[in-house]
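Lettering of chains follows the sequences in order, A, B, ..., and the numbering in each one begins at 1. Keep in mind that this is a model prediction, so the values were computed, not measured. Reckoned from all heavy atoms, side chains included, excluding hydrogens, waters and symmetry mates.
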2 protein chains.
Amino acid sequence: MARARPLTRSEQDYLKALFSLGGLEQSVTVSALATRLAVSAPSVTNMLSRLAASGLVRHAPRAGARLTASGAKQALLILRRHRILETFLVRVLGLDWSEVHEDAEVLEHAVSDRVLDALDRLIEHPREDPHGHPIPDPRGRLARRSLSPLAALPSGASGTVREIRDRDRGRMARWKQAGLVPGARVRMRAVQPIDDVFELDVNGHTMVTGSEGLDGVLVERSRERSHGRRA
Amino acid sequence: MARARPLTRSEQDYLKALFSLGGLEQSVTVSALATRLAVSAPSVTNMLSRLAASGLVRHAPRAGARLTASGAKQALLILRRHRILETFLVRVLGLDWSEVHEDAEVLEHAVSDRVLDALDRLIEHPREDPHGHPIPDPRGRLARRSLSPLAALPSGASGTVREIRDRDRGRMARWKQAGLVPGARVRMRAVQPIDDVFELDVNGHTMVTGSEGLDGVLVERSRERSHGRRA
DNA sequence: CTCCTGAGTTAGTCTAGGCTAATTAGCGTC
DNA sequence: GACGCTAATTAGCCTAGACTAACTCAGGAG
């Protein structure tokens, strides 16, 4: 429970991964963490017990790990730094939103609170980062939204892209080129589940694609003019 | 001589300290480095031999260490990052120039080349940082200037402040308040070496001070209207 | 009910980069 | 020329955080 010293870089990375894989409730397996962080399973077990000793995670042997309230708060504060940095990198430095992730990943551990606040002020306290992800507030609270994967949109339904979650830079760049960015209006023209082919309108243009990674695109369903087969 | 992997953070810090204490020519003692970096002497010996093995410093046992050409280049490139960051922190984020050093110290190791270039572009490729220090060019070349410590100015002589080198934040803040910043015009009204009292005009205002730390203020002597007792 | 399999843990090693304590090498003094 | 001071080096240890190899346990197949 005693956690006097500040979190090390690795500790922060584990907390972030834990949050991103399991959120606030779900528990995450050792192997999922190992894959995500590109480390071996023993490294994970080892770090988890240390984090458990500081009261940041709960770790039942052979049953995965889950963030405690205090761990979740830390994770959200790191996420906040990450997203503020990404927004800065894109909006002020003009870097490409499909490529800033790695930079933010490093800087989030290096930037002092003073500099972070100044950056946040400079970009005028945005609520969302360039991928459309909501930015936690300074106390670590995150706006909840109910979004669905683009691939789950029934044919005929339409919505607005809200988040891009993919980790594949190439794919993100392609999507960006196709106009599939946060804020874009999309309509599912046709779904052929057998062939795994999706035909959709993106801001007027038609796009045909397989489902590969399409669940990394989250949309907000539109209520109006719902002439699709909704339940 | 073999140096495949990128420099670690500590290695970079040692190179920077070596440059700042001994420049390109002079050799630096182990204890000076230990003091500057706030580590023990054995740690310094240890790191020096590693740097020597990578061909970045020359280290004769019990005779101090000196940068090699390649070490000097690395040091200057790090200095470049540091100074670009300080300039960004002051000019864009509006932080106080007497307080940005620590932040730059951390960020210089974290910022990618891509982000550094973008920052440099944003601040329009300055030649000097907010303390007046020249910024090395992208190939690690530093403009040479001939400046003298303010305390060495004979009475009657005047000049322009070019650099503030102090590491004491409080003192820097005081100087800043008194107008003793890069670009300020100063004239030495009177020097009383016995009492260690200096009386000077700074941008019109008169300032009386002891020599304490005054050699951290570097001025460029004016040639014109030299009615002081110059040699 | 036993056995196999695979996920997870334990044990032991490595590297970077610190540390303290003990030793050595010069250098100045007498 | 011996003495002692201080700077530097050596020796040995520590922590964070990784790794591999070897062991263990729980859950599904038979």
Under 3.5 Å, which donor-acceptor pairs link side chains of residues 18-28 of chain A to any protein atom two or more places apart or in another chain?
{"from": "A:S20", "atom 1": "OG", "to": "A:R36", "atom 2": "NH1", "distance (Å)": "2.7"}
{"from": "A:S20", "atom 1": "OG", "to": "A:R36", "atom 2": "NH2", "distance (Å)": "3.4"}
{"from": "A:S27", "atom 1": "OG", "to": "A:A63", "atom 2": "O", "distance (Å)": "3.4"}

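B:S43 comes within contact range of at least one nucleobase, with a heavy-atom separation under 4.0 Å. When heavy atoms are screened at a 4.0 angstrom cut-off, A:S31 is found touching the sugar-phosphate backbone but no base atom.
For A:R165, the side chain to side chain contact (heavy atoms under 4.5 Å, CB included) criterion is met by A:H133, A:E163, A:L218, not counting sequence neighbours. The salt bridge (Lys or Arg N to Asp or Glu O under 4.0 Å) test applied to A:E108 returns A:K16, not counting sequence neighbours.
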- Task: Give the C-alpha distance, both sets of side-chain angles, the deciding distance and a yes or no for salt bridge (charged side-chain N to carboxylate O under 4.0 Å, His left out) between B:R91 and B:E124.
- Result: CA-CA 11 Å; B:R91 300 232 299 244; B:E124 296 174 309; 5.4 Å; no

- Task: Please step through salt bridge (charged side-chain N to carboxylate O under 4.0 Å, His left out) for the pair B:D117 and B:R121, ending with a clear verdict.
- Result: CA-CA 6 Å; B:D117 288 348; B:R121 210 175 308 126; 5.5 Å; no

- Would you sort out whether B:H82 and B:D129 count as a side chain to side chain donor-acceptor pair (under 3.5 Å), showing the intermediate values? CA-CA 9 Å; B:H82 183 93; B:D129 76 7; over 6 Å; no

- How far apart are the C-alpha atoms of B:R81 and B:D120, what are their side-chain angles, what is the distance that settles it, and do they pass the salt bridge (charged side-chain N to carboxylate O under 4.0 Å, His left out) test? CA-CA 9 Å; B:R81 315 183 125 243; B:D120 190 39; over 6 Å; no

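Distance, A:L7 CG to D:dG17 C1': 15 Å, rounded to whole Å. Atom CG of B:L33 is separated from atom C1' of D:dA8 by 13 Å (rounded to the nearest Å). Atom CE of A:M47 is separated from atom P of C:dG8 by 18 Å (rounded to the nearest Å).
Rotation axes derived from the C1' atoms of the five outermost pairs at either end of the helix from C:dC1-D:dG30 to C:dC30-D:dG1 lie 20° apart, to the nearest 10°.
Residue B:R66 places its CZ atom among 12 or fewer non-hydrogen atoms of other residues, nucleotides or ligands, all under 6.0 Å distant. By the neighbour-count criterion of 12 heavy atoms within 6.0 Å, atom NZ of A:K73 is sparsely surrounded, having that number or fewer from other residues, nucleotides or ligands.
Of the residues in residues 8-29 of chain B, B:T29 come within less than 4.0 Å of DNA chain D through at least one heavy atom, sorted by number.
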- Message: Can you build the contact string for nucleotides 9-15 of chain C? Use B for base contact, S for sugar-phosphate-only contact, and - for no protein heavy atom under 4.0 Å.
- Response: BB-----

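Here the rule is side-chain contact (heavy atoms from CB on, under 4.5 Å) with B:P193, and of B:V197, B:D195, B:V191, B:D196 only B:V191 fits it.
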